[in-house]
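Residue numbering restarts at 1 for every chain, and letters A, B, ... go by the order of the sequence lines.
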2 protein chains.
Amino acid sequence: MPDRAQRADTRVTVDLVIFAIREARLQVLLIRRAVAPFEGRWALPGGFVLAGEGLEAAALRELEEETGVRQVYLEQLYTFGDPGRDPRGRVVTVAYVALIAADRAPLEAGSDAAAARWWPVDDRPPLAFDHDKILDYAVERLRNKLEYTTVGFQLLPRQFTLTALQQVYEAVLGRRLDKRNFRRKIALLGILTPLRERRTEGGRPARLYEFSARRFEKLKDKGILFPF
Amino acid sequence: MPDRAQRADTRVTVDLVIFAIREARLQVLLIRRAVAPFEGRWALPGGFVLAGEGLEAAALRELEEETGVRQVYLEQLYTFGDPGRDPRGRVVTVAYVALIAADRAPLEAGSDAAAARWWPVDDRPPLAFDHDKILDYAVERLRNKLEYTTVGFQLLPRQFTLTALQQVYEAVLGRRLDKRNFRRKIALLGILTPLRERRTEGGRPARLYEFSARRFEKLKDKGILFPF
DNA sequence: CCAAAAGTGTTAGGAGTACACCCATGG
DNA sequence: CCATGGGTGTACTCCTAACACTTTTGG
(Lines give C-alpha, C1' and ligand atoms only; values in the text may rest on other atoms or scores of the structure.)
Protein backbone atom coordinates (compact mmCIF):
# COMPACT_ATOMS: atom_id res chain seq x y z
CA MET A 1 0.00 0.00 0.00
CA PRO A 2 1.34 3.44 -0.82
CA ASP A 3 1.99 5.51 2.25
CA ARG A 4 1.16 9.14 2.71
CA ALA A 5 4.41 10.42 1.24
CA GLN A 6 3.98 8.32 -1.85
CA ARG A 7 0.50 9.39 -2.72
CA ALA A 8 1.26 13.03 -2.03
CA ASP A 9 -1.40 15.54 -2.83
CA THR A 10 -1.01 17.37 -6.07
CA ARG A 11 -1.90 20.75 -7.37
CA VAL A 12 -4.34 20.74 -10.26
CA THR A 13 -4.56 23.54 -12.81
CA VAL A 14 -6.53 24.15 -15.97
CA ASP A 15 -4.83 25.58 -19.04
CA LEU A 16 -6.74 27.11 -21.91
CA VAL A 17 -6.07 26.98 -25.61
CA ILE A 18 -8.26 29.80 -26.89
CA PHE A 19 -8.62 29.87 -30.65
CA ALA A 20 -10.03 32.50 -32.97
CA ILE A 21 -9.77 33.23 -36.68
CA ARG A 22 -8.19 36.65 -37.20
CA GLU A 23 -6.96 37.99 -40.49
CA ALA A 24 -7.89 34.68 -42.08
CA ARG A 25 -5.46 32.78 -39.87
CA LEU A 26 -5.91 30.48 -36.90
CA GLN A 27 -4.69 32.38 -33.86
CA VAL A 28 -4.27 31.57 -30.17
CA LEU A 29 -4.40 33.83 -27.14
CA LEU A 30 -1.15 33.83 -25.15
CA ILE A 31 -0.10 35.50 -21.91
CA ARG A 32 3.32 36.90 -21.16
CA ARG A 33 4.49 35.56 -17.81
CA ALA A 34 5.45 38.26 -15.30
CA VAL A 35 6.99 35.96 -12.70
CA ALA A 36 9.34 32.98 -12.51
CA PRO A 37 9.51 30.29 -13.65
CA PHE A 38 9.68 31.19 -17.35
CA GLU A 39 9.47 34.89 -16.56
CA GLY A 40 8.98 36.86 -19.76
CA ARG A 41 8.02 33.75 -21.78
CA TRP A 42 4.64 33.41 -23.44
CA ALA A 43 2.27 30.80 -22.06
CA LEU A 44 -1.26 29.51 -22.30
CA PRO A 45 -3.63 31.23 -19.88
CA GLY A 46 -4.63 29.08 -16.93
CA GLY A 47 -4.75 28.76 -13.19
CA PHE A 48 -5.51 26.64 -10.21
CA VAL A 49 -8.74 24.76 -9.71
CA LEU A 50 -10.40 26.03 -6.56
CA ALA A 51 -11.70 23.90 -3.74
CA GLY A 52 -15.18 22.65 -4.54
CA GLU A 53 -14.94 23.80 -8.15
CA GLY A 54 -15.45 21.49 -11.12
CA LEU A 55 -12.78 21.28 -13.80
CA GLU A 56 -14.96 22.72 -16.52
CA ALA A 57 -16.17 25.42 -14.14
CA ALA A 58 -12.57 26.37 -13.44
CA ALA A 59 -11.87 26.57 -17.17
CA LEU A 60 -14.91 28.78 -17.72
CA ARG A 61 -13.87 31.03 -14.88
CA GLU A 62 -10.36 31.44 -16.24
CA LEU A 63 -11.74 32.05 -19.69
CA GLU A 64 -13.94 34.85 -18.48
CA GLU A 65 -11.13 36.35 -16.44
CA GLU A 66 -8.84 36.45 -19.47
CA THR A 67 -11.27 37.42 -22.19
CA GLY A 68 -14.50 38.57 -20.61
CA VAL A 69 -16.45 36.22 -22.84
CA ARG A 70 -19.00 33.67 -21.70
CA GLN A 71 -21.08 31.08 -23.42
CA VAL A 72 -18.36 29.91 -25.74
CA TYR A 73 -17.54 26.47 -27.02
CA LEU A 74 -15.33 24.71 -24.49
CA GLU A 75 -14.01 21.17 -24.64
CA GLN A 76 -11.60 19.20 -22.53
CA LEU A 77 -8.48 18.35 -24.51
CA TYR A 78 -6.09 16.21 -22.48
CA THR A 79 -4.46 16.01 -19.07
CA PHE A 80 -0.72 16.51 -18.72
CA GLY A 81 0.94 15.29 -15.56
CA ASP A 82 4.54 14.37 -16.18
CA PRO A 83 6.58 14.87 -13.06
CA GLY A 84 8.92 17.73 -13.81
CA ARG A 85 6.64 19.55 -16.23
CA ASP A 86 6.53 22.38 -13.67
CA PRO A 87 9.77 23.18 -11.86
CA ARG A 88 7.83 24.31 -8.77
CA GLY A 89 6.64 20.81 -7.99
CA ARG A 90 3.95 18.36 -8.90
CA VAL A 91 1.29 20.08 -10.97
CA VAL A 92 -1.23 18.19 -13.07
CA THR A 93 -2.95 20.33 -15.67
CA VAL A 94 -6.19 19.65 -17.45
CA ALA A 95 -6.09 21.41 -20.81
CA TYR A 96 -9.24 22.82 -22.44
CA VAL A 97 -9.87 24.21 -25.91
CA ALA A 98 -12.12 27.24 -26.34
CA LEU A 99 -13.36 28.62 -29.65
CA ILE A 100 -14.30 32.28 -29.93
CA ALA A 101 -16.10 33.99 -32.78
CA ALA A 102 -14.01 36.59 -34.55
CA ASP A 103 -16.34 39.44 -33.55
CA ARG A 104 -16.17 38.50 -29.89
CA ALA A 105 -12.41 38.18 -29.70
CA PRO A 106 -11.70 40.94 -27.23
CA LEU A 107 -8.11 42.01 -27.72
CA GLU A 108 -6.44 43.82 -30.51
CA ALA A 109 -3.09 42.46 -31.48
CA GLY A 110 -1.00 44.85 -29.43
CA SER A 111 2.69 45.58 -29.27
CA ASP A 112 5.16 42.99 -28.06
CA ALA A 113 5.02 44.63 -24.66
CA ALA A 114 1.38 43.68 -24.09
CA ALA A 115 0.67 41.10 -21.40
CA ALA A 116 -1.78 39.21 -23.59
CA ARG A 117 -2.09 38.98 -27.35
CA TRP A 118 -3.17 36.81 -30.20
CA TRP A 119 -0.56 34.86 -32.10
CA PRO A 120 -0.93 32.90 -35.32
CA VAL A 121 -0.43 29.28 -34.31
CA ASP A 122 2.08 28.70 -37.09
CA ASP A 123 4.07 31.84 -36.28
CA ARG A 124 4.37 32.07 -32.53
CA PRO A 125 7.08 32.40 -29.90
CA PRO A 126 8.36 29.42 -27.91
CA LEU A 127 6.12 28.75 -24.94
CA ALA A 128 6.69 28.12 -21.24
CA PHE A 129 6.38 24.72 -19.54
CA ASP A 130 5.10 22.01 -21.91
CA HIS A 131 2.70 24.43 -23.55
CA ASP A 132 4.07 23.93 -27.04
CA LYS A 133 3.10 20.29 -26.80
CA ILE A 134 -0.35 21.20 -25.50
CA LEU A 135 -0.93 23.73 -28.27
CA ASP A 136 0.24 21.38 -31.01
CA TYR A 137 -2.14 18.73 -29.78
CA ALA A 138 -4.99 21.25 -29.61
CA VAL A 139 -4.45 22.22 -33.24
CA GLU A 140 -4.45 18.59 -34.29
CA ARG A 141 -7.69 17.93 -32.43
CA LEU A 142 -9.35 21.01 -33.86
CA ARG A 143 -8.44 19.93 -37.39
CA ASN A 144 -9.90 16.51 -36.82
CA LYS A 145 -13.06 17.79 -35.17
CA LEU A 146 -13.66 20.24 -37.96
CA GLU A 147 -14.19 17.33 -40.31
CA TYR A 148 -16.88 15.51 -38.41
CA THR A 149 -18.59 18.09 -36.21
CA THR A 150 -19.94 21.62 -36.45
CA VAL A 151 -17.25 23.28 -34.35
CA GLY A 152 -16.36 25.43 -37.33
CA PHE A 153 -19.47 27.53 -36.75
CA GLN A 154 -18.19 28.42 -33.27
CA LEU A 155 -15.46 30.48 -34.89
CA LEU A 156 -17.91 32.73 -36.74
CA PRO A 157 -20.41 35.42 -35.77
CA ARG A 158 -24.03 34.37 -35.77
CA GLN A 159 -24.51 35.67 -39.28
CA PHE A 160 -21.84 34.95 -41.83
CA THR A 161 -21.20 34.54 -45.53
CA LEU A 162 -20.31 31.27 -47.17
CA THR A 163 -16.93 32.71 -48.05
CA ALA A 164 -16.29 33.48 -44.38
CA LEU A 165 -17.23 29.92 -43.48
CA GLN A 166 -14.90 28.56 -46.10
CA GLN A 167 -12.09 30.78 -44.81
CA VAL A 168 -12.53 29.26 -41.36
CA TYR A 169 -12.07 25.80 -42.79
CA GLU A 170 -9.09 26.87 -44.84
CA ALA A 171 -7.44 28.64 -41.91
CA VAL A 172 -7.79 25.66 -39.61
CA LEU A 173 -6.95 22.96 -42.12
CA GLY A 174 -4.14 24.97 -43.61
CA ARG A 175 -5.08 24.33 -47.22
CA ARG A 176 -7.32 25.76 -49.93
CA LEU A 177 -10.71 24.26 -50.65
CA ASP A 178 -12.67 24.28 -53.88
CA LYS A 179 -15.42 26.90 -53.68
CA ARG A 180 -18.04 25.01 -55.65
CA ASN A 181 -17.51 21.71 -53.89
CA PHE A 182 -17.52 23.42 -50.50
CA ARG A 183 -20.81 25.18 -51.18
CA ARG A 184 -22.45 22.10 -52.55
CA LYS A 185 -21.60 20.03 -49.50
CA ILE A 186 -22.73 22.69 -47.07
CA ALA A 187 -25.96 23.11 -48.98
CA LEU A 188 -26.48 19.35 -49.01
CA LEU A 189 -26.33 19.27 -45.22
CA GLY A 190 -29.20 21.74 -45.05
CA ILE A 191 -28.08 23.21 -41.76
CA LEU A 192 -27.88 26.82 -42.89
CA THR A 193 -30.75 29.31 -42.96
CA PRO A 194 -30.31 31.98 -45.66
CA LEU A 195 -30.99 35.59 -44.62
CA ARG A 196 -30.88 38.95 -46.45
CA GLU A 197 -27.81 40.37 -48.06
CA ARG A 198 -25.02 42.69 -47.11
CA ARG A 199 -22.13 43.98 -49.05
CA THR A 200 -18.66 43.83 -47.65
CA GLU A 201 -15.35 44.69 -49.23
CA GLY A 202 -14.95 45.14 -52.93
CA GLY A 203 -17.29 43.22 -55.11
CA ARG A 204 -20.74 41.77 -55.29
CA PRO A 205 -22.74 41.63 -52.04
CA ALA A 206 -22.76 38.24 -50.36
CA ARG A 207 -25.74 36.48 -48.86
CA LEU A 208 -25.67 35.96 -45.10
CA TYR A 209 -26.56 32.71 -43.37
CA GLU A 210 -27.28 31.46 -39.89
CA PHE A 211 -26.41 28.06 -38.49
CA SER A 212 -29.51 26.01 -37.77
CA ALA A 213 -28.79 23.77 -34.82
CA ARG A 214 -32.24 22.20 -35.02
CA ARG A 215 -31.62 20.73 -38.43
CA PHE A 216 -28.23 19.52 -37.35
CA GLU A 217 -29.65 17.46 -34.52
CA LYS A 218 -31.38 15.25 -37.01
CA LEU A 219 -28.24 14.78 -39.03
CA LYS A 220 -26.17 13.75 -36.05
CA ASP A 221 -28.50 10.84 -35.42
CA LYS A 222 -27.90 9.62 -38.92
CA GLY A 223 -24.17 9.97 -38.59
CA ILE A 224 -23.95 12.56 -41.32
CA LEU A 225 -20.94 14.72 -40.86
CA PHE A 226 -18.57 17.18 -42.45
CA PRO A 227 -16.45 15.49 -45.05
CA PHE A 228 -13.94 18.11 -46.28
CA MET B 1 -5.81 35.79 -5.65
CA PRO B 2 -7.04 32.51 -4.30
CA ASP B 3 -5.74 31.74 -0.85
CA ARG B 4 -4.43 28.43 0.38
CA ALA B 5 -7.84 27.12 1.38
CA GLN B 6 -9.30 27.90 -2.00
CA ARG B 7 -6.69 26.18 -4.11
CA ALA B 8 -6.61 23.19 -1.84
CA ASP B 9 -4.50 20.27 -2.93
CA THR B 10 -6.31 17.43 -4.51
CA ARG B 11 -5.85 13.71 -4.72
CA VAL B 12 -5.32 12.39 -8.21
CA THR B 13 -6.15 8.85 -9.25
CA VAL B 14 -6.08 6.88 -12.45
CA ASP B 15 -8.97 4.60 -13.38
CA LEU B 16 -8.69 1.90 -15.99
CA VAL B 17 -11.21 0.70 -18.52
CA ILE B 18 -9.68 -2.60 -19.59
CA PHE B 19 -11.36 -4.11 -22.63
CA ALA B 20 -11.07 -7.54 -24.18
CA ILE B 21 -13.15 -9.59 -26.57
CA ARG B 22 -14.32 -12.77 -24.89
CA GLU B 23 -16.95 -15.13 -26.21
CA ALA B 24 -17.38 -12.77 -29.16
CA ARG B 25 -18.49 -9.94 -26.89
CA LEU B 26 -16.85 -6.76 -25.74
CA GLN B 27 -16.05 -7.22 -22.06
CA VAL B 28 -14.57 -5.04 -19.34
CA LEU B 29 -12.59 -6.00 -16.25
CA LEU B 30 -14.30 -4.89 -13.01
CA ILE B 31 -13.27 -5.10 -9.36
CA ARG B 32 -15.59 -5.75 -6.46
CA ARG B 33 -14.96 -3.11 -3.80
CA ALA B 34 -14.14 -4.56 -0.39
CA VAL B 35 -14.36 -1.30 1.55
CA ALA B 36 -16.60 1.75 1.85
CA PRO B 37 -17.65 3.80 0.06
CA PHE B 38 -19.63 1.61 -2.33
CA GLU B 39 -18.58 -1.53 -0.46
CA GLY B 40 -19.64 -4.59 -2.43
CA ARG B 41 -20.25 -2.60 -5.61
CA TRP B 42 -18.34 -3.27 -8.79
CA ALA B 43 -15.92 -0.59 -9.97
CA LEU B 44 -13.22 0.12 -12.50
CA PRO B 45 -9.76 -0.79 -11.28
CA GLY B 46 -7.62 2.18 -10.35
CA GLY B 47 -5.60 3.86 -7.65
CA PHE B 48 -3.64 6.86 -6.59
CA VAL B 49 -0.88 8.41 -8.61
CA LEU B 50 2.32 8.22 -6.60
CA ALA B 51 4.66 11.10 -5.92
CA GLY B 52 7.03 11.58 -8.81
CA GLU B 53 5.05 9.20 -11.03
CA GLY B 54 3.67 10.18 -14.43
CA LEU B 55 -0.01 9.65 -15.15
CA GLU B 56 0.56 7.07 -17.85
CA ALA B 57 3.15 5.35 -15.66
CA ALA B 58 0.58 5.13 -12.89
CA ALA B 59 -1.94 3.63 -15.29
CA LEU B 60 0.60 1.06 -16.51
CA ARG B 61 1.47 0.16 -12.95
CA GLU B 62 -2.17 -0.35 -11.98
CA LEU B 63 -2.73 -2.36 -15.11
CA GLU B 64 0.10 -4.69 -14.33
CA GLU B 65 -1.03 -5.04 -10.72
CA GLU B 66 -4.54 -6.00 -11.79
CA THR B 67 -3.81 -8.17 -14.78
CA GLY B 68 -0.11 -8.97 -14.87
CA VAL B 69 0.09 -7.85 -18.48
CA ARG B 70 2.53 -5.35 -19.90
CA GLN B 71 3.06 -3.79 -23.26
CA VAL B 72 -0.58 -3.31 -24.04
CA TYR B 73 -2.37 -0.56 -25.86
CA LEU B 74 -3.09 2.24 -23.41
CA GLU B 75 -4.70 5.58 -24.15
CA GLN B 76 -5.84 8.46 -21.98
CA LEU B 77 -9.62 8.82 -22.15
CA TYR B 78 -10.80 11.81 -20.15
CA THR B 79 -10.40 13.45 -16.76
CA PHE B 80 -13.30 13.53 -14.34
CA GLY B 81 -13.17 16.01 -11.51
CA ASP B 82 -16.64 17.01 -10.42
CA PRO B 83 -16.66 17.96 -6.78
CA GLY B 84 -18.69 15.31 -5.06
CA ARG B 85 -17.83 12.47 -7.44
CA ASP B 86 -16.08 10.79 -4.48
CA PRO B 87 -17.78 11.06 -1.07
CA ARG B 88 -14.40 10.97 0.67
CA GLY B 89 -13.36 14.36 -0.67
CA ARG B 90 -11.86 15.98 -3.69
CA VAL B 91 -10.52 13.34 -6.04
CA VAL B 92 -9.71 14.04 -9.67
CA THR B 93 -9.38 10.89 -11.77
CA VAL B 94 -7.67 10.51 -15.09
CA ALA B 95 -9.32 7.63 -16.94
CA TYR B 96 -7.38 5.40 -19.32
CA VAL B 97 -8.49 2.75 -21.78
CA ALA B 98 -6.47 -0.44 -22.18
CA LEU B 99 -6.98 -3.08 -24.85
CA ILE B 100 -5.91 -6.65 -24.22
CA ALA B 101 -5.67 -9.46 -26.71
CA ALA B 102 -8.04 -12.31 -25.99
CA ASP B 103 -5.21 -14.80 -25.42
CA ARG B 104 -3.54 -12.53 -22.87
CA ALA B 105 -6.66 -11.79 -20.85
CA PRO B 106 -5.64 -13.32 -17.56
CA LEU B 107 -8.77 -14.12 -15.64
CA GLU B 108 -11.44 -16.64 -16.19
CA ALA B 109 -14.93 -15.38 -15.68
CA GLY B 110 -15.34 -16.56 -12.15
CA SER B 111 -18.28 -16.80 -9.80
CA ASP B 112 -20.06 -13.71 -8.52
CA ALA B 113 -17.99 -13.97 -5.37
CA ALA B 114 -14.72 -13.28 -7.18
CA ALA B 115 -13.00 -9.98 -6.47
CA ALA B 116 -12.30 -9.35 -10.14
CA ARG B 117 -14.04 -10.57 -13.24
CA TRP B 118 -14.88 -9.77 -16.82
CA TRP B 119 -18.32 -8.42 -17.61
CA PRO B 120 -19.92 -7.86 -21.00
CA VAL B 121 -20.25 -4.09 -21.31
CA ASP B 122 -23.89 -4.34 -22.30
CA ASP B 123 -24.76 -6.73 -19.48
CA ARG B 124 -23.02 -5.46 -16.37
CA PRO B 125 -23.89 -4.51 -12.81
CA PRO B 126 -24.29 -0.87 -11.74
CA LEU B 127 -20.92 0.63 -10.90
CA ALA B 128 -19.51 2.66 -8.01
CA PHE B 129 -18.77 6.40 -8.16
CA ASP B 130 -19.25 7.86 -11.64
CA HIS B 131 -17.80 4.76 -13.26
CA ASP B 132 -20.86 4.06 -15.38
CA LYS B 133 -20.34 7.40 -17.06
CA ILE B 134 -16.64 6.68 -17.57
CA LEU B 135 -17.31 3.25 -19.03
CA ASP B 136 -20.02 4.51 -21.37
CA TYR B 137 -17.68 7.16 -22.68
CA ALA B 138 -14.90 4.61 -23.12
CA VAL B 139 -17.16 2.40 -25.24
CA GLU B 140 -18.14 5.34 -27.38
CA ARG B 141 -14.51 6.31 -27.94
CA LEU B 142 -13.51 2.75 -28.75
CA ARG B 143 -16.26 2.51 -31.36
CA ASN B 144 -15.14 5.73 -32.98
CA LYS B 145 -11.47 4.84 -32.93
CA LEU B 146 -12.14 1.46 -34.46
CA GLU B 147 -13.30 3.22 -37.59
CA TYR B 148 -10.28 5.35 -38.26
CA THR B 149 -7.36 3.63 -36.54
CA THR B 150 -5.92 0.16 -36.14
CA VAL B 151 -6.86 -0.30 -32.49
CA GLY B 152 -8.90 -3.32 -33.48
CA PHE B 153 -5.74 -5.36 -33.89
CA GLN B 154 -4.86 -4.73 -30.25
CA LEU B 155 -7.76 -6.97 -29.27
CA LEU B 156 -6.37 -9.97 -31.16
CA PRO B 157 -3.42 -12.31 -30.77
CA ARG B 158 -0.52 -11.67 -33.09
CA GLN B 159 -1.79 -14.25 -35.52
CA PHE B 160 -5.45 -14.32 -36.33
CA THR B 161 -8.01 -15.29 -38.94
CA LEU B 162 -10.05 -12.81 -40.91
CA THR B 163 -13.16 -14.15 -39.23
CA ALA B 164 -11.65 -13.39 -35.83
CA LEU B 165 -10.86 -9.85 -36.96
CA GLN B 166 -14.37 -9.38 -38.21
CA GLN B 167 -15.75 -10.63 -34.91
CA VAL B 168 -13.77 -7.97 -33.08
CA TYR B 169 -15.33 -5.29 -35.21
CA GLU B 170 -18.79 -6.77 -34.79
CA ALA B 171 -18.42 -7.10 -31.03
CA VAL B 172 -17.28 -3.52 -30.56
CA LEU B 173 -19.64 -1.91 -33.02
CA GLY B 174 -22.56 -4.06 -31.93
CA ARG B 175 -23.73 -4.93 -35.41
CA ARG B 176 -23.10 -7.51 -38.11
CA LEU B 177 -20.83 -6.75 -41.04
CA ASP B 178 -20.88 -8.20 -44.52
CA LYS B 179 -18.14 -10.81 -44.87
CA ARG B 180 -17.23 -10.08 -48.47
CA ASN B 181 -17.15 -6.32 -48.07
CA PHE B 182 -15.14 -6.60 -44.88
CA ARG B 183 -12.51 -8.78 -46.51
CA ARG B 184 -12.27 -6.63 -49.57
CA LYS B 185 -11.64 -3.49 -47.56
CA ILE B 186 -9.05 -5.12 -45.34
CA ALA B 187 -7.28 -6.52 -48.38
CA LEU B 188 -7.36 -3.12 -50.05
CA LEU B 189 -5.51 -1.60 -47.12
CA GLY B 190 -2.70 -4.09 -47.60
CA ILE B 191 -1.70 -4.09 -43.95
CA LEU B 192 -1.99 -7.84 -43.37
CA THR B 193 0.70 -10.41 -44.03
CA PRO B 194 -0.72 -13.83 -44.85
CA LEU B 195 0.87 -16.80 -43.09
CA ARG B 196 0.30 -20.56 -43.22
CA GLU B 197 -2.95 -22.19 -42.29
CA ARG B 198 -4.46 -23.67 -39.20
CA ARG B 199 -7.77 -25.27 -38.61
CA THR B 200 -9.92 -24.30 -35.72
CA GLU B 201 -13.42 -25.40 -34.83
CA GLY B 202 -15.58 -27.23 -37.26
CA GLY B 203 -15.08 -26.60 -40.90
CA ARG B 204 -12.51 -25.65 -43.43
CA PRO B 205 -9.14 -24.43 -42.09
CA ALA B 206 -8.72 -20.70 -42.08
CA ARG B 207 -5.66 -18.77 -43.17
CA LEU B 208 -3.82 -16.85 -40.47
CA TYR B 209 -2.59 -13.28 -40.84
CA GLU B 210 -0.33 -10.87 -39.04
CA PHE B 211 -0.76 -7.14 -38.78
CA SER B 212 1.98 -5.31 -40.65
CA ALA B 213 2.67 -2.06 -38.84
CA ARG B 214 5.21 -0.99 -41.43
CA ARG B 215 2.69 -0.85 -44.23
CA PHE B 216 0.26 0.99 -42.04
CA GLU B 217 2.68 3.83 -41.41
CA LYS B 218 2.55 4.74 -45.06
CA LEU B 219 -1.23 4.72 -45.07
CA LYS B 220 -1.51 7.02 -42.09
CA ASP B 221 0.40 9.70 -43.97
CA LYS B 222 -2.11 9.53 -46.75
CA GLY B 223 -5.01 9.69 -44.37
CA ILE B 224 -6.30 6.29 -45.35
CA LEU B 225 -8.28 4.75 -42.59
CA PHE B 226 -10.82 2.14 -41.59
CA PRO B 227 -14.21 2.93 -43.01
CA PHE B 228 -16.63 0.37 -41.61
C1' DC C 1 -16.05 50.27 -67.88
C1' DC C 2 -13.06 48.30 -64.57
C1' DA C 3 -11.97 45.96 -60.22
C1' DA C 4 -13.50 42.80 -56.82
C1' DA C 5 -15.75 39.23 -54.88
C1' DA C 6 -20.15 36.16 -55.38
C1' DG C 7 -22.25 32.64 -57.41
C1' DT C 8 -23.15 28.48 -60.31
C1' DG C 9 -22.96 22.52 -63.16
C1' DT C 10 -20.98 18.75 -65.28
C1' DT C 11 -18.15 14.82 -65.61
C1' DA C 12 -15.25 10.97 -64.40
C1' DG C 13 -13.39 7.95 -61.00
C1' DG C 14 -13.47 5.60 -56.50
C1' DA C 15 -15.77 3.75 -52.49
C1' DG C 16 -19.72 1.64 -50.25
C1' DT C 17 -23.43 -1.60 -50.12
C1' DA C 18 -26.28 -5.44 -51.21
C1' DC C 19 -26.34 -10.02 -52.37
C1' DA C 20 -25.58 -16.27 -52.92
C1' DC C 21 -22.95 -19.97 -53.81
C1' DC C 22 -18.95 -23.31 -53.81
C1' DC C 23 -14.78 -25.17 -51.09
C1' DA C 24 -11.94 -27.76 -47.75
C1' DT C 25 -11.68 -30.23 -43.83
C1' DG C 26 -13.07 -33.59 -39.67
C1' DG C 27 -15.89 -36.94 -38.07
C1' DC D 1 -21.73 -37.88 -46.93
C1' DC D 2 -22.72 -34.44 -43.84
C1' DA D 3 -21.80 -30.62 -40.79
C1' DT D 4 -19.05 -26.59 -40.17
C1' DG D 5 -17.07 -22.60 -41.11
C1' DG D 6 -13.83 -20.46 -45.12
C1' DG D 7 -13.63 -18.15 -49.12
C1' DT D 8 -14.98 -15.53 -53.47
C1' DG D 9 -17.32 -11.41 -57.63
C1' DT D 10 -20.61 -8.32 -59.64
C1' DA D 11 -23.71 -4.45 -60.24
C1' DC D 12 -25.62 -0.19 -58.60
C1' DT D 13 -25.45 3.95 -56.14
C1' DC D 14 -23.41 7.76 -54.09
C1' DC D 15 -19.74 10.72 -52.82
C1' DT D 16 -15.52 13.18 -54.23
C1' DA D 17 -12.63 15.98 -56.92
C1' DA D 18 -11.36 18.60 -60.85
C1' DC D 19 -12.44 22.37 -63.49
C1' DA D 20 -14.02 28.20 -65.74
C1' DC D 21 -17.12 31.50 -66.58
C1' DT D 22 -20.95 34.88 -65.55
C1' DT D 23 -23.11 38.19 -62.18
C1' DT D 24 -23.53 42.07 -59.15
C1' DT D 25 -22.04 45.84 -56.98
C1' DG D 26 -18.84 50.31 -56.00
C1' DG D 27 -15.87 53.61 -57.74
Side-chain angles (χ1 to χ4, degrees), chain A residues 21 23-24 102 146-148 156-157 159-171 173-210 219 222-228, chain B residues 21 23-24 102 143-144 146-148 152 156-157 159-171 173-210 219-220 222-228:
Chain A
I21 306 291
E23 297 149 15
L146 201 66
E147 299 187 0
Y148 62 94
L156 287 171
Q159 304 186 347
F160 50 86
T161 64
L162 293 179
T163 299
L165 180 60
Q166 183 174 344
Q167 282 170 350
V168 167
Y169 277 81
E170 291 180 338
L173 297 177
R175 60 187 160 91
R176 305 302 304 273
L177 300 173
D178 180 271
K179 183 162 59 161
R180 282 171 290 190
N181 292 337
F182 182 85
R183 284 165 184 242
R184 174 154 13 92
K185 281 181 242 179
I186 292 288
L188 222 53
L189 292 171
I191 54 176
L192 293 188
T193 308
L195 306 171
R196 298 299 169 277
E197 295 167 347
R198 175 208 289 173
R199 77 191 56 94
T200 36
E201 312 133 49
R204 173 172 168 180
R207 177 171 289 266
L208 289 170
Y209 292 83
E210 267 183 11
L219 292 176
K222 294 199 279 180
I224 295 178
L225 301 165
F226 282 74
F228 294 107
Chain B
I21 306 291
E23 296 149 16
R143 282 193 180 137
N144 289 334
L146 201 65
E147 299 187 0
Y148 63 92
L156 287 171
Q159 304 188 347
F160 50 85
T161 65
L162 293 178
T163 300
L165 180 60
Q166 183 172 346
Q167 283 170 348
V168 167
Y169 276 81
E170 291 179 339
L173 298 176
R175 62 188 158 89
R176 305 300 307 271
L177 300 172
D178 181 272
K179 182 163 58 162
R180 281 171 291 190
N181 294 338
F182 183 85
R183 285 164 184 244
R184 173 152 15 96
K185 283 182 241 177
I186 291 288
L188 221 53
L189 292 172
I191 54 176
L192 293 189
T193 307
L195 306 171
R196 299 299 169 278
E197 293 168 346
R198 174 207 289 173
R199 78 193 56 94
T200 35
E201 313 133 51
R204 173 174 167 179
R207 176 170 289 262
L208 289 171
Y209 292 83
E210 266 183 10
L219 292 176
K220 274 199 299 191
K222 294 200 277 178
I224 296 178
L225 301 165
F226 283 74
F228 293 106

[atom1] of [X] versus [atom2] of [N]: gap in Å, rounded?
X: B/L162; N: D/dT8; atom1: CG; atom2: C1'; answer: 12 Å
X: B/F160; N: D/dG5; atom1: CZ; atom2: C1'; answer: 18 Å
X: A/L177; N: D/dT16; atom1: CG; atom2: P; answer: 13 Å
X: B/R198; N: C/dA24; atom1: CZ; atom2: P; answer: 21 Å
X: B/F182; N: C/dA18; atom1: CZ; atom2: P; answer: 16 Å
X: B/R176; N: C/dT17; atom1: CZ; atom2: C1'; answer: 16 Å
X: B/K185; N: C/dA15; atom1: NZ; atom2: P; answer: 11 Å
X: A/Q167; N: C/dA6; atom1: CD; atom2: P; answer: 8 Å

Legend entry - By salt bridge (Lys or Arg N to Asp or Glu O under 4.0 Å) - contacts of A/R176 (at least two apart): A/E170
Tell me, do [X] and [Y] make a side-chain contact under 4.5 Å, heavy atoms counted?
X: B/L156; Y: B/Y209; answer: no
X: A/R183; Y: A/T163; answer: yes
X: A/R175; Y: A/L177; answer: yes
X: B/L189; Y: B/K185; answer: no

Inset, instruction - Estimate the overall bend of the helix from C/dC1-D/dG27 to C/dG27-D/dC1 from the end axes over five pairs each, rounded to 10 degrees. - result: 0°
Inset, instruction - Starting at the 5' end of nucleotides 18-24 of chain D, put B wherever the base has a protein heavy atom under 4.0 Å, S where only the sugar-phosphate does, and a dash everywhere else. - result: BBB--BB
Inset, instruction - Write down the atom of B/D178, the atom of B/Q166, and the distance for their closest heavy-atom approach. - result: C-NE2, 4.1 Å
Inset, instruction - List the atom of A/I21, the atom of A/A171, and the distance in Å for their closest heavy-atom pair. - result: CD1-CB, 3.8 Å
Legend entry - Between CZ on residue A/F182 and CG on residue A/L165, distance to nearest 0.5 Å: 4.0 Å
Legend entry - Main-chain N/O of A/L195 paired to A/R207 side chain as donor or acceptor, under 3.5 Å: yes
Inset, instruction - Report which part of the nucleic acid B/R183 touches: base, sugar-phosphate, or nothing (heavy-atom distance under 4.0 Å, all strands). - result: base
Inset, instruction - Check every strand shown and say whether A/T163 touches a base, only sugar-phosphate, or nothing at a heavy-atom separation below 4.0 Å. - result: sugar-phosphate
